[in-house]
Protein chains: 2
Amino acid sequence: MKKKLKIDSYNKKILSTLHLEGALTNIELAERVNLSPSACFQRVKALKEAGYFRNLHADINLDQLCEHVLAYIEFTLEDNSAPSRRRFVSRIHEIPEIMDCMQLSGDVDYISLSCFPNLKKLNEICSGLSDQTDLRIKHIKTRIVLERAKWFLGYPLSKLKWLDDEKFDGEMISERVSI
Amino acid sequence: MKKKLKIDSYNKKILSTLHLEGALTNIELAERVNLSPSACFQRVKALKEAGYFRNLHADINLDQLCEHVLAYIEFTLEDNSAPSRRRFVSRIHEIPEIMDCMQLSGDVDYISLSCFPNLKKLNEICSGLSDQTDLRIKHIKTRIVLERAKWFLGYPLSKLKWLDDEKFDGEMISERVSI
DNA sequence: TTGTCTGCAAAATAATATTTTGTAATTAGG
DNA sequence: CCTAATTACAAAATATTATTTTGCAGACAA
């Protein structure tokens with residue numbers, strides 16, 4: 001079903017454009033990438049079916065909607081055996097306040113970006129995790145986000161070496177939008 | 001121009017739906033929120049104009065597209081006076097590989113999630129920042145992401161306490177929001 | 001009551017998405 | 001070198017959707 005596609009300069013431009021501006025109509029997108037609407041449509045469809053991108057997401061203005069607290073939470077496990085890690089990661093997935101979680105090199109095993117309605121709730125959830133002894137968490141360190149110095153603007157696609165790069169001799173991918 | 005809107009249950013459902021699935025057509029969205037297509041359309045339009053959400057972004061499958069290295073980079077400044085911070089943040093904005101950057105409470109001043117084509121490039125950029133003495137960076141700590149244990153799935157909107165419209169008496173915030 | 005305002009649904013229209021078709025360029029096999 | 005077979009594209013045709021317009025009903029104030 002999932003077919004491997006050649007990621008030529010058209011597909012690169014389609015992907016990077018949709019990454020930064022997913023609300024374009026097919027016609028607008030086609031104009032930007034210099035294809036006919038039908039050709040553009042077929043490529044978008046093929047790219048999606050092949051898994052090169054999944055969904056679109058609206059970036060909502062949380063500051064405008066509600067009070068909240070962002071925090072990085074770091075986890076160090078007693079032992080990082082596969083079963084321990086599996087149990088920990090499984091538990092993390094059950095907590096929607098923990099928005100993502102990355103396994104790291106170094107002394108700390110995991111770091112997660114989390115969002116809570118207030119500090120009380122943050123403390124509740126962290127304490128709850130600590131108290132669950134079967135998770136074998138040795139240490140939790142919480143670092144509150146005071147300010148977003150730079151907002152996430154997407155992957156630096158123009159700085160990465162895409163696959164099939166030998167086929168790409170066109171101009172550079174679309175520029176990133178600035179705040 | 002930007003009008004204060006009442007964030008009732010319809011608008012909440014519209015925003016949370018688009019946050020998780022922005023590729024819906026207006027008709028599909030209207031069905032999900034139990035409104036007529038026209039009423040739904042007008043609300044979406046008003047919400048966007050009022051700044052409750054900005055754009056849509058395709059979440060592209062970077063693993064499928066190219067080799068890359070994700071890393072959290074932590075910065076501690078010599079002094080965190082306002083001018084030093086301004087200079088640092090300004091520099092950070094010029095580096096697309098640094099995807100976001102948060103000012104933190106605690107001993108470390110900033111943390112950023114970054115994406116590079118390889119470790120060599122990571123080192124180049126970190127070294128470059130260290131060498132720029134006018135940035136007054138005391139310490140840089142890099143923590144490589146070994147694995148994404150949990151992928152970003154959006155804000156935990158159902159867990160937050162949304163503001164009622166009567167609390168919107170203050171001025172509006174219109175910051176850019178991450179996906 | 002009367003008038004104004006608001007939000008909604010329904011209808012009408014404009015625009016777009018999506019499919020179909022034909023064609024030129026490319027490739028592989030003989 | 002020739003001939004399918006394949007691919008990607010544009011153009012046309014059609015299906016579907018976006019968007020505007022209209023009018024109605026409820027809420028509210030004078």
Side-chain angles (χ1 to χ4, degrees), chain A residues 1-58 65 162-171 173-174, chain B residues 1-58 64-65 162-169 172:
Chain A
M1 200 54 166
K2 282 195 181 180
K3 209 180 155 192
K4 180 121 179 0
L5 300 181
K6 179 176 287 182
I7 304 301
D8 60 7
S9 64
Y10 284 126
N11 281 345
K12 289 178 188 178
K13 192 148 190 191
I14 286 172
L15 287 172
S16 55
T17 302
L18 289 181
H19 187 43
L20 295 179
E21 209 173 340
L24 295 173
T25 67
N26 182 54
I27 290 177
E28 289 168 330
L29 180 62
E31 279 169 4
R32 296 224 191 167
V33 303
N34 288 315
L35 278 173
S36 72
S38 66
C40 181
F41 176 79
Q42 283 161 6
R43 278 171 176 265
V44 170
K45 189 175 154 193
L47 284 167
K48 184 160 194 182
E49 275 171 3
Y52 288 91
F53 73 97
R54 296 213 177 79
N55 222 315
L56 301 179
H57 304 277
L65 280 170
W162 299 46
L163 300 181
D164 299 340
D165 235 7
E166 60 279 359
K167 313 283 187 186
F168 182 49
D169 51 358
E171 82 288 358
I173 316 297
S174 75
Chain B
M1 196 60 165
K2 283 194 177 177
K3 212 180 152 189
K4 283 186 292 185
L5 298 182
K6 183 173 185 182
I7 304 302
D8 60 8
S9 63
Y10 284 126
N11 282 343
K12 288 179 189 178
K13 192 149 190 192
I14 287 172
L15 286 174
S16 56
T17 302
L18 289 181
H19 187 45
L20 294 179
E21 209 172 342
L24 295 173
T25 67
N26 182 56
I27 290 178
E28 289 168 332
L29 181 61
E31 278 169 4
R32 297 224 190 167
V33 302
N34 288 315
L35 278 175
S36 72
S38 65
C40 181
F41 176 79
Q42 284 160 6
R43 279 171 176 267
V44 170
K45 189 176 152 193
L47 284 167
K48 185 160 193 182
E49 277 171 3
Y52 289 92
F53 72 98
R54 193 62 68 84
N55 221 317
L56 301 178
H57 304 275
Q64 195 170 335
L65 280 170
W162 298 46
L163 296 182
D164 294 323
D165 59 335
E166 57 262 30
K167 292 187 180 178
F168 269 130
D169 287 341
M172 305 300 276

Interatomic distance where CG belongs to A/L5 and P belongs to D/dC9 [whole Å]: 12 Å

Is a side-chain donor or acceptor of B/K13 paired with a backbone partner of B/R32 at a separation under 3.5 angstrom? yes

Without decimals, in angstroms, what is the distance between A/Y10 OH and D/dT7 C1'? 14 Å

Interatomic distance, CD1@A/I14 vs CZ@A/F41, rounded to 0.5 Å, equals 12.0 Å

Separation between CG (B/L18) and NE2 (A/H57), nearest 0.5 Å, reads 11.5 Å

Without decimals, in angstroms, what is the distance between B/K6 NZ and C/dC5 P? 19 Å

Between atom CZ of A/R43 and atom CG of A/L15, what is the distance when rounded to the nearest 0.5 Å? 10.5 Å

Any side-chain heavy atom of A/I7 sitting closer than 4.5 Å to one from A/L47? yes

A/L29 CG to C/dT16 P, straight-line distance once rounded to whole Å: 13 Å

Under a 4.0 Å heavy-atom criterion, the protein footprint on nucleotides 15-21 of chain D, written with B, S and -, is --SSBBB

Between atom CD in A/E31 and atom C1' in C/dA15, what is the gap in whole Å? 13 Å

Interatomic distance, B/L24 atom CG to A/N55 atom CG [nearest 0.5 angstrom]: 7.5 Å

